[in-house]
Amino acid sequence: MKHYIFTLLAAVCMLMTTSCASQRALTGNVQGISAHLDATVKAFNLNESCSGNIKMKRGEAIQISLTKYGIEGVRIIMTPDSILLVNKMTKTYLRTSFRDADKALGGEGTLTFRNVEAYFWHENGNNVNYATLPVGGFVPLELRTSYSRHIRAGYYELPTRVIMEMSGADGMIETGKAKLKLSKVQVANNWEPNTEIPAKYKNLNFISVIKNLLKK
């Protein structure tokens, strides 16, 4: 369960934005990027750090790979139709649609690939964003995401540092904090998401995972 708490919290942070380390602007037709990722998460009695990489292709896919000691442990893939999380550490995977995930979280059509992509590419340009996830029937989550330092990537200004803070209404869950940083950002217009699931991996239920995640 510890691995899933860390993984899902990191995923929520990713759903809110992305970041890029200081470097020269990416010019030309930037429809996709790849970058090295460093993340630190302190929440739910965890104090974890990991690295990995992120790839994004406008309108098509977002892929996040988290590694520990140089070995891939978790892969998160989002496309317009689906969300896939593969956990090699526990030999499990979770697959759902944005529509079903939005419904399970108590949303009203706000959790879509298009909206997630807008956060990743930082389309609104705000240095601080606030959001509330009702998590229907469970515990509302208050999210505060702050951004600093930016790099030009085609038509977009991507923040280079991201700090996300999470808290539950009325203190019903522990507070959490995540720091994200990307480096070695490159133009990557041509790549395909890796949706391979090894044989005999167990399929998890999205709603059950969310309920377990929010237990104090």
Would you tabulate the side-chain donor-acceptor contacts of residues 72-86 under 3.5 Å, counting partners in other chains and residues two or more places apart, or write 'none'?
from	atom 1	to	atom 2	distance (Å)
Glu72	OE1	Arg75	NH2	3.2
Glu72	OE1	Lys88	NZ	2.9
Glu72	OE2	Ser65	OG	2.7
Glu72	OE2	Arg75	NE	3.2
Arg75	NH1	Asn194	O	3.2
Arg75	NH1	Glu196	O	3.2
Thr79	OG1	Asp81	N	3.4
Thr79	OG1	Ser82	N	3.2
Thr79	OG1	Ser82	OG	3.1

Side chain of His36, backbone of Gly52: donor and acceptor closer than 3.5 Å?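 Side chain of His36 to backbone of Gly52, a donor-acceptor pair under 3.5 Å: yes, one is there.
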
Looking at [atom1] of [X] and [atom2] of [Y], how far apart are the two atoms once the value is rounded to the nearest 0.5 Å?
X      : Y      : atom1 : atom2 : value
Lys177 : Thr40  : NZ    : OG1   : 11.0 Å
Lys179 : Lys181 : NZ    : NZ    : 11.0 Å
Lys91  : Lys200 : NZ    : NZ    : 11.0 Å
Leu204 : Thr92  : CG    : OG1   : 4.5 Å
Met89  : Leu66  : CE    : CG    : 8.0 Å
Gln186 : Lys55  : CD    : NZ    : 10.0 Å

side-chain contact (heavy atoms from CB on, under 4.5 Å) evaluation trace for Ile54 with Met56: CA-CA 7 Å; Ile54 180 172; Met56 302 192 293; 4.1 Å; yes

Checking [X] now: which residues fulfil side chain to side chain donor-acceptor pair (under 3.5 Å) with it, not counting sequence neighbours?
X      : result
Ser51  : Thr67
Asp100 : Ser97
Arg152 : Glu157

May I ask you to test the [X]-[Y] pair for a side-chain heavy-atom distance under 4.5 Å?
X      : Y      : answer
Thr195 : Ile197 : no
Ile62  : Phe113 : yes
Val116 : Leu111 : yes

Partners passing salt bridge (charged side-chain N to carboxylate O under 4.0 Å, His left out) against [X] (at least two apart in sequence or in another chain):
X      : result
Arg144 : Glu165
Glu60  : Lys57
Arg99  : none

Check side chain to side chain contact (heavy atoms under 4.5 Å, CB included) between Asn127 and all other residues, then give those that pass, not counting sequence neighbours.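 By the side chain to side chain contact (heavy atoms under 4.5 Å, CB included) rule, Asn127 matches His150.
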
Before giving the answer on side-chain contact (heavy atoms from CB on, under 4.5 Å), spell out for Leu37 and Ile64 the whole-Å C-alpha distance, their side-chain angles and the decisive distance to 0.1 Å. CA-CA 9 Å; Leu37 167 70; Ile64 301 159; 4.1 Å; yes

Pairs of donor and acceptor atoms involving the side chains of residues 26-35, under 3.5 Å and at least two apart or interchain, shall be tabulated with distances.
from	atom 1	to	atom 2	distance (Å)
Asn29	OD1	Gln31	NE2	3.2

Counting only heavy atoms not in Asn203, do more than 12 fall under 6.0 Å of its CG?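 Above 12, so yes.
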
According to a 4.5 Å side-chain heavy-atom criterion applied to Ile, Leu, Val, Met, Phe, Trp and Tyr, with indirect links allowed, do Ile163 and Leu180 form part of one hydrophobic cluster?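 No: no chain of side-chain contacts under 4.5 Å links Ile163 to Leu180.
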
Could you tell me which non-hydrogen atom of Tyr93 sits nearest to which non-hydrogen atom of Tyr201, and how far apart they are?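 Looking at all heavy atoms of both residues, the shortest contact is CE2-O, 3.6 Å.
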
Go through it in stages, so that I can follow the logic: the residues are Tyr147 and Asn126, the test is side chain to side chain donor-acceptor pair (under 3.5 Å), and I'd like the CA-CA distance, side-chain angles, deciding distance and then a yes or no. CA-CA 8 Å; Tyr147 320 93; Asn126 295 334; over 6 Å; no

